[in-house]
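These notes concern the structure reproduced below.
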Amino acid sequence: MTAHITGDPAIPDPEERAARNAALFTDNIETGFWDDQGRVAPWPDDIDEWTYNIPEPRTPEPGQAPF
């Protein structure tokens with residue numbers, strides 16, 4: 001397995017993803033991704049282009065609970 005554009009070794013390159021997806025479907029193992037109908041879906045082709053989308057923490061008003 002080789003790291004792709006992100007350099008993250010946890011994200012396999014496209015050929016490795018295809019091989020893993022085929023093995024997961026053969027063994028009926030969940031990939032962690034689901035389609036719009038709730039069925040197990042393969043790794044997205046653009047997963048190596050994803051970025052973190054973490055919002056800034058919300059500061060509660062004085063006297064309010066932080067949740």
Side-chain angles (χ1 to χ4, degrees):
M1 177 179 73
T2 59
H4 203 55
I5 295 169
T6 63
D8 185 342
I11 299 175
D13 60 35
E15 294 80 22
E16 181 70 17
R17 284 198 304 267
R20 288 184 183 193
N21 285 335
L24 290 170
F25 285 134
T26 300
D27 295 337
N28 200 26
I29 296 173
E30 290 187 359
T31 60
F33 296 96
W34 296 268
D35 66 12
D36 293 336
Q37 288 73 41
R39 295 178 299 229
V40 174
W43 282 51
D45 289 333
D46 66 347
I47 192 168
D48 52 350
E49 298 168 10
W50 289 12
T51 60
Y52 292 102
N53 184 11
I54 302 172
E56 293 294 318
R58 187 179 72 86
T59 304
E61 296 294 322
Q64 288 187 339
F67 46 87

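Nearest heavy atoms, Arg17 versus Asp45: NH2-O, 3.0 Å. When all heavy atoms of Ala65 and Pro60 are compared, the pair lying nearest together is O-CB, 3.8 Å.
At least one donor-acceptor pair closer than 3.5 Å links the side chain of Asp13 to the backbone N or O of Glu16.
Residue Glu56 places its CD atom among 12 or fewer non-hydrogen atoms of other residues, nucleotides or ligands, all under 6.0 Å distant.
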